[in-house]
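Source: prediction; values computed, not measured.
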Amino acid sequence: MNLGLKGRKAIVCASSKGLGKGCAAALAGEGVDLVISARGKEALEATAAELRGKYGVTVTPLVCDVTTPEGRAQLLAACPAPDILITNAGGPPPGDFHDWNREIWIKALDANMLTPIELIKATVDGMIGRRFGRIVNITSSAVKAPIDILGLSNGARSGLTGFVAGIARKTVKHNVTINNLLPGTIDTDRIKSNVEAMAKTWKVSFEEAMRRRLAALPAERLGTIEEFGAACAFLCASSSGYITGQNLLIDGGAYPGTF
Ligand code: NAP
């Protein structure tokens with residue numbers, strides 16, 4: 001399928017590894033020029049070199065923290081008129097809500113709700129003016145089915161989801177769509193560290209904790225960043241202009257609802 005994206009420009013946030021990298025690679029495979037970002041330089045530059053080498057597109061790596069105004073300004077300066085925006089950042093830590101004070105909550109809201117909203121605000125009017133825009137927010141399956149120990153994520157990402165539900169209906173008439181991708185258990189460093197935490201809680205080995213985790217999934221395996229990236233590229237396709245305000249689970253059927 002030709003997604004009609006060749007020559008388009010994308011900002012892909014938090015993309016040296018994991019889900020962000022999967023999205024960046026899928027877009028690069030469609031001929032999209034990229035600005036990618038992370039806080040760590042080494043992995044980011046390695047990813048930029050890998051994507052340039054594989055796909056022959058322009059990849060600009062920016063070492064910055066996307067959750068800060070300075071980091072976002074750097075991204076927007078490097079790509080002032082993006083056709084595609086993929087928002088992403090590290091997730092908040094697990095824990096017990098009794099321990100979370102205002103400062104901890106504000107940090108989670110900043111990273112996983114207000115950062116994507118600021119980036120949408122900064123890019124959406126230009127997209128409307130150019131009559132093309134695709135915005136995809138990487139959120140979490142926790143938005144559909146809360147995860148016990150991830151209350152900060154459940155809360156912050158639901159706030160973003162509510163905001164997007166409203167704005168996505170206002171932009172679609174200008175061929176600017178805004179959708180959310182909801183990962184369940186995709187094979188990334190983050191998932192491995194979650195399983196390590198489970199192993200500690202259950203007092204079992206990492207392998208045993210992973211076995212239990214997989215046994216609870218209908219797919220009986222983790223998803224791959226390639227599968228995740230392919231869904232992202234589909235939402236960005238030129239032919240996807242009638243899909244907006246959607247929350248697409250990429251969870252191998254883990255969410256048990258009929259709809
Ligand atoms: P990951 O494998 O740990 O990768 C995170 C990527 O984001 C890295 O490139 C990291 O690089 C970058 N990053 C993190 N914080 C950043 C920041 N403040 N500014 C710029 N770059 C930043 O994580 P992942 O599994 O891809 O997860 C991505 C997001 O999806 C997280 O919010 C996570 O909670 C959420 N999620 C993932 C899953 C899953 O199945 N994997 C499920 C539910 C939700 P640096 O550390 O060098 O900055």
Side-chain angles (χ1 to χ4, degrees), residues 5 8-15 19-20 23-24 27 32-39 60 62-92 102-103 105-140 142-143 152-183 232 235-238 240-248:
L5 291 176
R8 294 280 185 195
K9 294 188 290 292
I11 296 176
V12 186
C13 303
S15 44
L19 305 180
C23 294
L27 292 172
V32 175
D33 293 323
L34 304 172
V35 170
I36 62 171
S37 76
R39 294 160 305 174
T60 307
L62 278 187
V63 177
C64 63
D65 184 338
V66 70
T67 66
T68 65
E70 301 75 30
R72 291 190 291 275
Q74 269 181 267
L75 285 172
L76 294 164
C79 187
D83 303 300
I84 296 168
L85 168 69
I86 313 299
T87 75
N88 185 29
R102 180 177 168 78
E103 198 187 330
W105 267 109
I106 295 293
K107 205 168 169 207
L109 292 172
D110 245 342
N112 299 114
M113 178 183 170
L114 300 177
T115 288
I117 290 175
E118 287 291 346
L119 286 166
I120 292 169
K121 190 169 106 185
T123 55
V124 77
D125 292 342
M127 290 175 176
I128 288 171
R130 296 186 298 277
R131 292 202 64 79
F132 182 90
R134 299 286 183 264
I135 299 176
V136 176
N137 304 296
I138 298 179
T139 66
S140 171
V143 166
L152 290 168
S153 173
N154 300 338
R157 296 186 202 274
S158 295
L160 172 64
T161 306
F163 168 76
V164 166
I167 187 111
R169 270 85 186 177
K170 291 172 92 93
T171 61
V172 66
K173 68 180 173 209
H174 306 288
N175 192 24
V176 176
T177 67
I178 315 182
N179 293 288
N180 305 314
L181 276 181
L182 283 53
C232 176
L235 289 176
C236 295
S238 60
S240 294
Y242 213 59
I243 305 174
T244 200
Q246 299 305 300
N247 290 283
L248 179 59

Quiz prompt | Closest contact, heavy atoms only, Cys79 versus Val35 | solution = CB-CG2, 3.6 Å
Quiz prompt | Minimal non-hydrogen separation, Ala14 against Asn88, with atom names | solution = O-ND2, 3.0 Å
Quiz item: Is there a side-chain contact between Leu5 and Ile84, using heavy atoms and a 4.5 Å cut-off?
Solution: yes
Exercise. Nearest 0.5 Å please: distance from the OG1 atom of Thr139 over to the CE atom of Met113.
Key: 13.0 Å
Quiz prompt | CG-CG distance between Leu248 and Leu182, expressed to the nearest 0.5 angstrom | solution = 7.5 Å
Quiz prompt | CG on Leu75 to SG on Cys64, rounded to 0.5 Å | solution = 4.0 Å
Practice problem: Identify the two heavy atoms, one from Arg134 and one from Ser240, that lie closest to each other, and give their separation to 0.1 Å. | Solution: NH2-C, 4.0 Å
Quiz item: Between Gly71 and Thr68, what is the shortest heavy-atom contact and its length?
Solution: N-OG1, 2.9 Å
Quiz item: Counting N and O atoms only, with roles assigned by atom type, does the side chain of Ser37 sit under 3.5 Å from a partner on the main chain of Leu62, one being a donor and the other an acceptor?
Solution: no
Quiz item: With a 4.5 Å heavy-atom cut-off, do Ile11 and Leu76 have their side chains touching?
Solution: yes
Quiz prompt | Inter-residue atom distance His174.NE2 - Asp125.CG, 0.5 Å rounding | solution = 9.5 Å
Quiz item: How about Leu119 and Arg72: do any of their side-chain heavy atoms sit closer than 4.5 Å?
Solution: yes
Self-check item: Nearest heavy atoms of Arg8 and Asp83, plus distance in Å
Solution: CA-OD2, 3.3 Å
Quiz item: How many angstroms lie between SG in Cys13 and CG in Asp65, if you round to the nearest 0.5 Å?
Solution: 11.0 Å
Quiz prompt | Separation between NZ of Lys107 and CZ of Arg102, rounded to the nearest 0.5 Å | solution = 15.5 Å
Practice problem: Flag the pair Asn137 / Ile120 as yes when at least one side-chain heavy-atom distance between them is below 4.5 Å, and no otherwise. | Solution: yes
Quiz item: Under 4.5 Å between any side-chain heavy atoms of Leu85 and Met127, yes or no?
Solution: yes
Practice problem: Taking the side chain as every heavy atom from C-beta outward, state whether Ile86 and Cys236 have any atom pair closer than 4.5 Å. | Solution: yes
Practice problem: Output yes when a side-chain donor or acceptor of Thr171 lies under 3.5 Å from a complementary backbone atom of Val176, and no otherwise. | Solution: yes
Self-check item: Heavy-atom pair of closest approach, residues Pro80 and Ala78
Solution: CD-C, 3.8 Å
Self-check item: side-chain contact (heavy atoms from CB on, under 4.5 Å), paired with Leu160, selected from Ile117, Leu109, Asn112, Val143
Solution: Ile117
Quiz item: Considering only heavy atoms from C-beta outward, does the side chain of Ile167 approach that of Ile178 to under 4.5 Å?
Solution: yes
Exercise. Would you indicate whether the side-chain heavy atoms of Leu235 and Thr177 approach each other to under 4.5 Å?
Key: no
